[in-house]
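For reference, the structure discussed in these notes is given below.
Here is how names work: the chains are called A, B, and so on, in the same order as the sequence lines, proteins then strands, and each is numbered from 1. Remember, it's a predicted structure, so these values are computed and weren't measured experimentally.
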Amino acid sequence: DQQVKQNSPSLSVQEGRISILNCDYTNSMFDYFLWYKKYPAEGPTFLISISSIKDKNEDGRFTVFLNKSAKHLSLHIVPSQPGDSAVYFCAASDPGNTPLVFGKGTRLSVIA
Amino acid sequence: DVKVTQSSRYLVKRTGEKVFLECVQDMDHENMFWYRQDPGLGLRLIYFSYDVKMKEKGDIPEGYSVSREKKERFSLILESASTNQTSMYLCASSLRQGRVGEQFFGPGTRLTVL
């Protein structure tokens, strides 16, 4: 039973446009959410996070939105660049010392 | 910067061989994790450890074991490698601050079992 779901395995976006990656979760104990970016043959790198006390967190071109009532978060990338082409993983954490729970990832392709 | 290193980037082994994957972190993190990544399956947790000589099973521990003799080092062992263990293996570490928090990943080891 997946606690963190990324329902779109892939997404293609034109360079300069907005990329929106979605993530849904089922466990109401999750209160901290992270996005990781992964290039082929490299380990994932942390991108941005959000605590459940916020509904938005922004870092440059990247913004994460959290809708707690819908148990949904999204990552917006504006404007999208070819270098953003990667697999993006959503992850969730609860207050206990348990490992992050990852979604299966969404492969983003930004087309020049 | 946190650095997590893995002993090999690419590894080719034969079925039945014993395989050791080594991971070292240099930031005195308490928590360490082993994942495998497969297309369409995302990151799956194999084993994790919150302290020296301590280990916990993740979601897919079958066919694997781990060793944590020192805080900075976490080894993944494939006792008898099989072709279905061909995968990208990722090690990660994190501080323990009441919660796991941000995990820092190594570059990965692409293991091929023939």
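Taking chain B as the reference chain and counting heavy-atom pairs below 4.5 Å, the highest number among A:Ala91, A:Gly103, A:Gly43 is found for A:Gly43. By number of non-hydrogen pairs under 4.5 angstrom with chain A, the leading residue of B:Leu41, B:Thr109, B:Asp59, B:Leu45 is B:Leu41. For the set B:Gly40, B:Gly58, B:Cys91, the entry with the most heavy-atom pairs within less than 4.5 Å of chain A is B:Gly40.
For chain A, the nearby parts of B:Leu43 are the backbone and the side chain; heavy atoms of each come within less than 4.5 Å. Both the backbone and the side chain of A:Ala41 come within less than 4.5 Å of a heavy atom in chain B. For B:Arg44, no part lies near chain A; criterion is any non-hydrogen pair under 4.5 Å. In this structure, no portion of A:Pro9 lies under 4.5 Å from any heavy atom of chain B. Contacts between B:Gln37 and chain A at a heavy-atom distance below 4.5 Å involve the side chain alone, from C-beta outward.
Residues A:Ser49 and B:Glu102 form no side-chain contact, since every pair of their non-hydrogen atoms from C-beta on lies 4.5 Å or further apart. A 4.5 Å side-chain heavy-atom check between B:Lys71 and B:Glu30 finds at least one atom pair inside the cut-off.
Salt bridge B:Asp51/B:Lys53: absent, no basic N to carboxylate O contact under 4.0 Å.
A centroid separation of less than 6.0 Å is found between the aromatic rings of A:Phe65 and A:His76.
Scanning all heavy atoms of the two residues, the minimum distance from B:Lys18 to B:Glu79 falls at CE-OE1, 3.4 Å.
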List, one per line, each side-chain donor-acceptor pair under 3.5 Å for residues 105-112 of chain A, sequence neighbours excluded.
unit_1	atom_1	unit_2	atom_2	d
A:Thr106	OG1	A:Ser8	O	2.7

